[in-house]
Asks: 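For reference, the structure I am asking about is given below.
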Number of protein chains: 2
Amino acid sequence: MENEKTNSKTITIYDIAREAGVSASTVSRVLTGNAAVRQDKKERIQSIINKYNFRPNALAKGLSDTSTKTIGIIAADVRNPYYSALFVACEVAAEKAGYSVSLANSLGEKEREQAQLDLLMQQRVDAIIQMGGRVDDLITDDAYAEKVRNVCRTTPVVVTGKLDKAPVHSVVIDDAMGMSIVMEHLIGLGHRKIALVGGEMRVNSTFLKYQKYREILAQHGIQENGEYVVNGTYDPESGYEATNKILELSNRPTAIIAINDFAASGALRSIREHKLHVPKDISVISFDNTYITDLVMPKLTSVDYNYDEYGKILIEIATQAAMGGETDSIRMIKPQIVIRDSTGPVPKEK
Amino acid sequence: MENEKTNSKTITIYDIAREAGVSASTVSRVLTGNAAVRQDKKERIQSIINKYNFRPNALAKGLSDTSTKTIGIIAADVRNPYYSALFVACEVAAEKAGYSVSLANSLGEKEREQAQLDLLMQQRVDAIIQMGGRVDDLITDDAYAEKVRNVCRTTPVVVTGKLDKAPVHSVVIDDAMGMSIVMEHLIGLGHRKIALVGGEMRVNSTFLKYQKYREILAQHGIQENGEYVVNGTYDPESGYEATNKILELSNRPTAIIAINDFAASGALRSIREHKLHVPKDISVISFDNTYITDLVMPKLTSVDYNYDEYGKILIEIATQAAMGGETDSIRMIKPQIVIRDSTGPVPKEK
DNA sequence: ATAAGGATTGAAACCGATTTCAATTTTAAT
DNA sequence: ATTAAAATTGAAATCGGTTTCAATCCTTAT
C-alpha cells in the first residue's frame, strides 16, 4: 500500500556495479574519489553512471559517513527581508564550502522552534544556525534552555546573539556600536532632540541599543526625555503608532531612530500625515538596511551589517564546529551606516 | 581524522533496547506506533527514550521507509516577498500534513536550479515544488528539459506555471483573469489611457497578462497605444525608469498597471518626482499583493493570490503525488483584487 | 625468470532504523 | 484444566551507500 509509486525503480550503486561487471566497492570508489581505480574501469563505470544519470542516495551516504554536508537554519521569519538576506548569504557561502542548507521558520513560536531543532537534529544536519527567533527567551525559560543544551550535545549550534545558558557558538552584531554610529551621525547634523521608535526592551539587541542611546545622550550633556522612547513590535503599523504619539508631543523631536526599516516606514507615513517633511523638518534613520530603504520615499538612511560577510562568518563557524572545532567561539559583526535621503541637518529653531 | 567530534556518542535504538531489556524491533514499534507493545514495556521504553531525549535517525528511517516526509522547494529568490510568502505558506501547510520542507534558491541561474534539482533528488525528498525560476526556459533549453524529465522519473515535481516539456504537476495563477480584474477596475473608474509597466514578454505569466490587456482594450473599443507598454525587470529601479519614459509622453496615461509591487514602488517614485499625485492625477495598480503594498505611500491596490491557499494547494498536490497519485494534474489559482489608496477615478479632462 | 613491492579489487561489516515471519506468551473459551 | 485463538516478541533481512582488510594482479628490479 505504502509504496505504490509507478515510477521506475530507482537505480542503485549495485545496478551500476552489475552492468559494469565490478563490485559495488569499486563504483563507490569512483563516486567518492577516495581511492584509486584503474583508468579503463573508471571510465566504463563513469559512462554507465552518466547513461542512467545515477545519483547516490544521500540518506545512505549520510548514514554511513556520519556527515550529511547539510547545515540547518532556523530563522524567525524569512518574510522579513533581514532574515531572507541573511539566509541567502548563508546559502551561497555554504555552497562554496560544499554544504547545502535547509531552512525552517520558527515564526516567533517557541514550540515550533523546539520542534525544528529536534527535526534538524533527527535529519543529522552537521550544524544548526539559529537566527533571531525566541533565543532571548532562553534566559528565562529553563525547559527551553535544557532542550538547546541537549541539542548541543550532538549537533553544534551557532546563534546570532549572545547566550550563556547553552554551549553555543555566537555571531553577534555590535548593536552598541550601531547605535553609536547612528547617534554620532545625528548629533553631527546638529540634532539634540532624538526619539527612539519601536522595539521591545526584553530583546537583547534592542536593550543594548537603548543603553548606548542613553550613554551617548549623557556624553553630550543632553537630558534624556522619557517621552521620546516609545516601544513597539518591529512592524510598520507599530512604527506608525509610536511616531503618532511622538509627533503629538508639544516638544517634538527633530530626529527619529527606528528600530528597523519596517518601523521606519511606518514612521514616514505618520510624519507625512502630520504634514511634515523628511528630512527638512525631521530626520529618520533605522537599522538593518534591507531593500525597504530603497522602496520608500525618501530613501532611508540605515545601518548595514554586510549580509554577505555576515552569512559567510556564520557558515564558517558552523562548518568548523561541524568538523570538531572548539566550542563557545564568539564573533562580532561591525555595523556601517549607509546614508541616503532621510537624514539631514537639524531644522532652524523658529 | 574525519570524525573527531568530542560530542558524546549519539545514542541509537539499540542503546534504548539494551537498557530496556527488549529487542530493537520492540523499541521501533513504540517509536512508530505501527504495532502493539505490551503496556508496561511500552511505558518503560518510553521513559528511557525521554530520559535520553532520544530521537531516531531520520536518515536511517528514510532509507528503510523510502519516504523522508520531506518536500523540497526551489524558489527563484526568497528575498522577493512573493516567494517568501508562498514558501512560508507551504511550510505551514506541509507541517499540518506531517511533512517538513527544505528550501533552495535558484537565484535565476539555470545551473543552480539544475544542481538543486539533483541535490533534492539525492536527498530523496518525497516531492519537489519549483516556484518561479527559469522554468520558462524549459521551452527553449532541451538539455534542461531532459534534466527535469529525468528527475520526474523518480521524484514528482510540482511547478508554478505551465509546462508541456516534462510530466510535471502544475499550479497556475490565472494571469488572464488577474489582468481582467485589474482592467475592469480601472475602466470602471473611467480610465481609458492605461499603461503597462515592467515585465519581460518571454515570461509566460507576463505575456498572458499582456494578451488580456490588449483583448480588454479592444473589447472596450480603446485603441492600443504602443508607447504605453514599457518592459522591465520586475524591480523598483526598472519600474522607475519605465514610468519616467511614460510620463514624458505628450499624451500621458491616467493609470499605470505595474507587473508587480516592486515595479509599482518605482512607479510611485517617478510619479512623485514628476510632481503628480496618486491617485488624484494618476492611478497605480500592481500584482502580487505583497507587504510592500503597505509600506509605500499611498498604499497600493494590488492583485492577491491568497498565499495560504496557494501554498496549501501546492503541498496537497505534492503530497498526493508523493503517495503515487496521478501525474500531470493542473490546478488554477483565482486572483482577487485588494483595493487600497493608489487607484481612484480618472481625473477630469482640463 | 623471479621475488618484492605497490596498485587494484571484492567480500563483508557497518551506519540505524523498519518490517516480515516464525516463535512464544497471553487470553479466552470449553 | 485444556486448547484454540489472539497478542507480543525477537531474529534476521533490508534500505544503499562507505570502508577495512585480505587477496589478487601488475610492475619493476634483480
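Quick caveat: nothing in here was measured; it's all calculated off a predicted structure. All heavy atoms count here, side chains included; hydrogens, waters and symmetry mates do not. Within every chain, numbering begins at 1; the chains are lettered A, B, ... in the order of the sequence lines, protein sequences first and strands thereafter.
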Asks: Which residues pass the salt bridge (Lys or Arg N to Asp or Glu O under 4.0 Å) test with A:Glu19, not counting sequence neighbours?
Replies: A:Lys51
Asks: So A:Asp15 and A:Tyr52, do their side chains get closer than 4.5 Å, heavy atoms only?
Replies: no
Asks: Just wondering, do A:Leu107 and B:Val88 contact through their side chains at under 4.5 Å, heavy atoms?
Replies: yes
Asks: Taking the side chain as everything from C-beta on, heavy atoms only, tell me whether A:Pro56 gets closer than 4.5 Å to A:Ile13.
Replies: no
Asks: By a strict heavy-atom criterion of less than 4.0 Å, which residues belonging to residues 28-41 of chain B are in contact with DNA chain D?
Replies: B:Arg29, B:Ala36, B:Val37, B:Arg38, B:Lys41
Asks: Mind checking salt bridge (Lys or Arg N to Asp or Glu O under 4.0 Å) for A:Asp118 and listing every partner two or more places apart, or none if nothing turns up?
Replies: A:Lys147, B:Arg55
Asks: Contact between B:Ile71 and B:Val125 at the side-chain level, heavy atoms closer than 4.5 Å - yes or no?
Replies: no
Asks: Whole-Å distance between C:dT18 C1' and B:Arg124 CZ?
Replies: 18 Å
Asks: Is the shortest heavy-atom distance from the side chain of A:Asn50 to the side chain of A:Gln46 under 4.5 Å?
Replies: yes
Asks: Which residues satisfy the salt bridge (Lys or Arg N to Asp or Glu O under 4.0 Å) test with B:Arg112, sequence neighbours excluded?
Replies: A:Glu91, A:Glu95
Asks: Tell me what B:Ser25 touches on the nucleic acid: a base, only sugar-phosphate, or nothing, going by heavy atoms under 4.0 Å.
Replies: base
Asks: For A:Lys42, what residues pass the side chain to side chain contact (heavy atoms under 4.5 Å, CB included) criterion, not counting sequence neighbours?
Replies: A:Val30, A:Val37, A:Gln39
Asks: Mind checking which nucleotides bracket the chain B contacts on DNA chain D, 5' to 3', with an atom under 4.0 Å from a heavy atom?
Replies: D:dT8 to D:dG16
Asks: So for the helix from C:dA1-D:dT30 to C:dT30-D:dA1, with five pairs setting each end axis, what is the inter-axis angle to 10°?
Replies: 40°
Asks: Look at B:Arg149 together with B:Glu146 and state whether they make a salt bridge at an N to O cut-off of under 4.0 Å.
Replies: yes
Asks: Does the side chain of A:Met131 reach to within under 4.5 Å of the side chain of A:Cys90, using non-hydrogen atoms?
Replies: yes
Asks: Do B:Gln116 and B:Ile128 make a side-chain contact, defined as non-hydrogen atoms from C-beta onward lying under 4.5 Å apart?
Replies: no
Asks: Where along residues 13-22 of chain B does a heavy atom come under 4.0 Å from DNA chain C, residue by residue in number order?
Replies: B:Ile13, B:Tyr14
Asks: Between B:Leu63 (CG) and C:dT19 (C1'), how many Å, whole number?
Replies: 14 Å
Asks: Applying side-chain hydrogen bond (donor to acceptor under 3.5 Å, both in side chains), can you list everything that pairs with B:Arg29, at least two apart in sequence or on another chain?
Replies: none
Asks: Under 3.5 Å, which donor-acceptor pairs link side chains of residues 306-319 of chain B to any protein atom two or more places apart or in another chain?
Replies:
residue: B:Asn306; atom: OD1; partner: B:Glu309; partner atom: N; Å: 3.3
residue: B:Tyr307; atom: OH; partner: B:Asp288; partner atom: O; Å: 2.5
residue: B:Thr319; atom: OG1; partner: B:Ile315; partner atom: O; Å: 2.9
residue: B:Thr319; atom: OG1; partner: B:Glu316; partner atom: O; Å: 3.0

Asks: Listed by chain and number, what are the side chain to side chain contact (heavy atoms under 4.5 Å, CB included) partners of B:Glu111, not counting sequence neighbours?
Replies: B:Glu109
Asks: How many whole angstroms separate atom CG of B:Asn57 from atom C1' of C:dA17?
Replies: 7 Å
Asks: Among residues 43-56 of chain A, which ones have heavy-atom contacts with DNA chain C below 4.0 Å?
Replies: none
